[in-house]
Amino acid sequence: MKTKKTVWIPAMIAVAVAALLVLYYYYMSSVSGGGPGPRPPEGGVGNVPAGQMGRPPGGGRHGGNGEIFKTLGTISVFVGAAAFSWFWFKKKLRSPSMLVRKGGKLLHAMHKLLGWATLILVAVHGVYFLVTKLQDSKTYTGLACFAILLAIAGYGFFINKVRNKWMRTVHRSLGLLWVPVLLLHAGSSVIMAVIASIAVGVLVWMLEKMAGKTPKPVPGDR
């Protein structure tokens with residue numbers, strides 16, 4: 001198996017692109033005067049044009065569709081967390097706990113599928129908002145997330161094709177790095193997904209402890 005560290009280069013490029021996009025996000029937010037995060041609409045109720053009263057911000061042009069595509073983005077966060085949860089089972093396929101073994105086998109079988117589902121959901125979510133809200137500064141953090149996710153998917157695809165010991169390390173490192181960038185973009189839903197993933201890890205640990213304390217049958221006992 002090869003040990004060349006050149007396999008890190010695509011990951012470093014993706015991270016550099018993401019970092020530039022995040023910096024540009026902060027720059028655009030400072031220029032617009034509101035700083036990072038959502039800003040209240042300019043003007044008060046008295047500045048709302050006639051016929052716009054009672055409509056959601058933006059004139060309601062993307063109301064229903066916007067919520068659908070926003071929900072797809074939220075779902076992608078939890079699907080990604082489910083894919084990452086395979087990490088807790090990676091070395092537990094021979095666990096003393098039957099539940100851990102079965103859970104590990106299930107996540108092992110679904111890991112790639114969950115990863116591709118995350119990429120597709122994020123792409124659909126992102127394309128919609130690129131078209132409808134290109135000027136929104138959050139677009140840049142979204143693109144930063146997508147740059148890293150694309151690299152994660154790429155390494156995941158080539159793990160079994162490029163025989164290099166660093167491939168899995170890069171894949172996992174990008175997965176961890178994706179979290180703070182995603183947190184900047186999506187906020188509370190990411191916190192909930194991270195907590196859920198950690199809870200899975202704690203549950204695996206508890207199940208193994210419980211299985212380890214179960215008395216083993218003594219040979220010859222009936």
Answer yes if [X] and [Y] sit in the same cluster of Ile, Leu, Val, Met, Phe, Trp and Tyr residues linked by side chain heavy atoms under 4.5 Å apart, and no otherwise.
X: Ile75; Y: Met110; answer: yes
X: Val122; Y: Ile191; answer: yes
X: Tyr27; Y: Val17; answer: yes
X: Phe158; Y: Trp178; answer: yes
X: Met28; Y: Leu134; answer: yes

Where at least one partner belongs to residues 78-87, residue pairs that pass side-chain hydrogen bond (donor to acceptor under 3.5 Å, both in side chains), sequence neighbours excluded: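 Found Ser85-Ser197.
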Kindly compute the distance separating [atom1] ([X]) from [atom2] ([Y]), expressed to the nearest 0.5 Å.
X: Leu21; Y: Thr141; atom1: CG; atom2: OG1; answer: 9.0 Å
X: Phe89; Y: Lys102; atom1: CZ; atom2: NZ; answer: 13.5 Å
X: Ile148; Y: Ser173; atom1: CD1; atom2: OG; answer: 11.5 Å
X: Thr74; Y: Lys70; atom1: OG1; atom2: NZ; answer: 7.0 Å

Evaluate the side-chain proximity of [Y] to [X]: yes if any heavy-atom separation is below 4.5 Å, no if none is.
X: Trp88; Y: Leu203; answer: no
X: Thr169; Y: Trp8; answer: yes
X: Leu119; Y: Leu150; answer: yes
X: Asp136; Y: Phe129; answer: no
X: Leu93; Y: Arg101; answer: no

Non-hydrogen atoms of [X] and [Y] that approach each other most closely:
X: Trp166; Y: Lys4; value: CD1-O, 3.6 Å
X: Thr139; Y: Lys133; value: OG1-O, 3.0 Å
X: Ile159; Y: Met167; value: N-CE, 4.0 Å
X: Leu121; Y: Ser76; value: CB-CB, 3.6 Å
X: Lys90; Y: Arg168; value: NZ-NH1, 4.1 Å
X: Ala83; Y: Leu114; value: CB-CB, 3.7 Å

Step by step, would you call Leu143 with Leu130 a side-chain contact (heavy atoms from CB on, under 4.5 Å)? CA-CA 9 Å; Leu143 289 171; Leu130 273 175; 4.3 Å; yes
[X]: which residues meet the side chain to side chain contact (heavy atoms under 4.5 Å, CB included) condition with it, sequence neighbours left out?
X: Leu176; answer: Phe84
X: Leu99; answer: Ser97, Leu207
X: Ala11; answer: Tyr155, Val170, Leu174

So, using ring pair (Phe, Tyr, Trp, His ring centres under 6.0 Å) as the criterion, who are the partners of Phe78 when residues are at least two apart? none
Name all residues meeting the ring pair (Phe, Tyr, Trp, His ring centres under 6.0 Å) criterion together with Tyr140; count only those two or more places apart in sequence or in a different chain, and write none if there are none. Tyr24
If we ignore hydrogens and angles and just use 3.5 Å, is the side chain of Thr118 paired with the main-chain N or O of Gly80 as donor and acceptor? yes
Give a yes or no on whether the backbone of Tyr25 and the side-chain of Lys138 come within a donor-acceptor separation of less than 3.5 Å.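 Not confirmed, Lys138 side chain does not pair with Tyr25 backbone.
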